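To keep things clear, I will list the structure first and then write my remarks on it.
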Amino acid sequence: MFLQNKSSDTLIKITDLETLFNPLRNEIEGRIQEGEEEQDIQPFPKQDLTFASGEDLPRCWIDPNYRN
C-alpha cells in the first residue's frame, strides 16, 4: 500500500499493514519511493500521512479512543 507524506507529497510504501491499522501505534515503517533504488525502511508518524488522493487516514487507524 502506498501513502503520501502531507508536507513533501512523497509517496511512501508501507511495509507493515498491521501497524498501519493499529490505532495504538503512532508510527509506521515504510520506504520513500524516490529514484530507481529501493530506499531504506524508516519510521513515519501516521499523522503526517494521507492517501494518495489527499484523503485523511481513517480515525480508527489513528485514535485509540475513536469510539468515545
Side-chain angles (χ1 to χ4, degrees):
M1 172 182 275
F2 291 94
L3 296 177
Q4 189 169 8
N5 187 305
K6 289 179 185 178
S7 61
S8 67
D9 289 334
T10 304
L11 282 179
I12 299 166
K13 182 179 181 180
I14 304 307
T15 56
D16 182 8
L17 293 179
E18 290 295 321
T19 304
L20 175 62
F21 305 144
N22 185 345
L24 299 175
R25 302 288 302 267
N26 295 326
E27 290 186 334
I28 55 173
E29 291 185 343
R31 298 177 190 269
I32 294 176
Q33 297 297 293
E34 287 185 332
E36 292 184 21
E37 292 185 26
E38 192 166 67
Q39 305 297 313
D40 292 333
I41 292 175
Q42 61 187 40
F44 296 93
K46 286 185 188 180
Q47 65 190 10
D48 293 348
L49 302 175
T50 64
F51 290 105
S53 65
E55 185 178 348
D56 290 332
L57 298 179
R59 187 171 166 215
C60 62
W61 292 4
I62 299 170
D63 183 3
N65 297 312
Y66 72 95
R67 292 185 184 181
N68 296 333

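As the structure is a prediction and not an experimental result, all values here were calculated from the model.
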Looking at D9, T10, N5, which one forms a side-chain hydrogen bond (donor to acceptor under 3.5 Å, both in side chains) with S7?
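Between S7 and the candidates, side-chain hydrogen bond (donor to acceptor under 3.5 Å, both in side chains) is satisfied uniquely by N5.
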Are [X] and [Y] close enough that some pair of their side-chain heavy atoms sits under 4.5 Å apart?
X: D16; Y: I28; value: no
X: E29; Y: I41; value: yes
X: E27; Y: F44; value: no
X: W61; Y: P23; value: no
X: N26; Y: K46; value: no
X: L3; Y: L20; value: yes
X: I62; Y: Q47; value: no

Measuring from [X]:[atom1] to [Y]:[atom2], what's the distance to the nearest 0.5 Å?
X: F2; Y: I14; atom1: CZ; atom2: CD1; answer: 9.5 Å
X: K6; Y: L49; atom1: NZ; atom2: CG; answer: 8.0 Å
X: Q33; Y: I12; atom1: CD; atom2: CD1; answer: 9.0 Å

If I compare all heavy atoms of N65 with all of R59, which pair ends up nearest, and what's the gap?
O-NH2, 3.9 Å
Minimal non-hydrogen separation, A52 against L11, with atom names
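Shortest heavy-atom separation between A52 and L11 comes out as CB-CD2, 4.2 Å.
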With the 4.5 Å side-chain cut-off for hydrophobic clustering, are I32 and F51 part of the same group?
yes
Would you find more than 12 non-hydrogen atoms of other residues, nucleotides or ligands less than 6.0 Å from D63 atom CG?
yes
Are the side chain of R31 and the backbone N or O of Q39 linked by a donor-acceptor pair below 3.5 Å?
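Here the side-chain-to-backbone pair exists.
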Within the side chain of E37, is there an N or O that forms a donor-acceptor pair under 3.5 Å with the backbone of G35?
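Here the side-chain-to-backbone pair does not exist.
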